[in-house]
Amino acid sequence: MLIRLAILFSGNGSNLENILEKLHKKTFGQNTFEIVLCISNNKDAYGIQRALKYDIETIIIEHQKFKTREEFDTNLVKLIKENQVDLTILAGFMRILSPVFTQNIKAINLHPSLLPLFKGANAIKESYESDMKVAGVSVHWVNEELDGGKIISQKSFDKDRLNFEEFEEKIHTLEHEILPLTIVQIFEDD
Ligand code: GRF
């Protein structure tokens, strides 16, 4: 089966590039994956350059241009539906999505903590500073609650005596492992 993916991002785009490298036009078992749509709400996102390496032109939809969250989301939904996307991946997409999006689009999100702990935008810092002995990353289904949908996969590690830079690097390394694997697994289980 050909699986059509959309990726939404807002900034650096290392996860976007990692998915492109590992999954774009690649076959796993019965399934071949293709990233058919990249959307950013930020015209200066570095990920736009990364997608170009794969000849993918990112569509920019600037949220500031819409009066309401729902209007912005309506545009996202329209584009995703028009492109007959099987799964949408939020990879560093820094917008809260309304039910207009969550009730119409099958999407997963990558989050840099062991959910349900440390939801929100400061997860890495909060999980580093907590007295927990382990930390990790999660992939979950997107619903109307921020970082609150059902967890699909997680990876954890011992914090040991990592300094903050080492900790952050470990998080990103695990993110790059878990997200493509999870995408492939979702369709294996289907
Ligand atoms: C990742 O840490 C992800 O967990 C969070 O945003 C970051 C995106 O990084 N949601 P990048 O833009 O993919 O490099």
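These numbers were taken from a predicted model, which means no experiment stands behind them. Each ligand, and each atom within it, is numbered from 1 in the order the structure gives.
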Below 4.0 Å from any atom of ligand 1, which residues have a heavy atom? Give them in chain and number order, please. N12, G13, S14, N15, G92, L110, H111, P112, H172, E175
Regarding K170 and E166, does a basic nitrogen lie under 4.0 Å from an acidic carboxylate oxygen? no
Pairs in or reaching into residues 51-65: which pass salt bridge (Lys or Arg N to Asp or Glu O under 4.0 Å), with residues at least two apart or in two chains? E17-K53, E62-K65
Regarding D73 and S98, do their side chains bring together a donor and an acceptor under 3.5 Å, going by distance alone? yes
I89 and side chain to side chain contact (heavy atoms under 4.5 Å, CB included): which single residue from I35, I108, N15, L16 fits? I108
Taking the hydrophobic residues Ile, Leu, Val, Met, Phe, Trp and Tyr, and joining any pair whose side-chain heavy atoms are under 4.5 Å apart, which ones share a cluster with I105? L8, V36, L37, I39, I59, I61, F66, F72, L76, V77, L79, I80, V85, L90, F93, L97, V100, F101, V142
Distance-only check: which donor-acceptor pairs under 3.5 Å involve side-chain atoms of residues 118-126, not counting sequence neighbours?
from : atom 1 : to   : atom 2 : distance (Å)
K119 : NZ     : E145 : OE2    : 2.8
K125 : NZ     : E129 : OE2    : 3.4

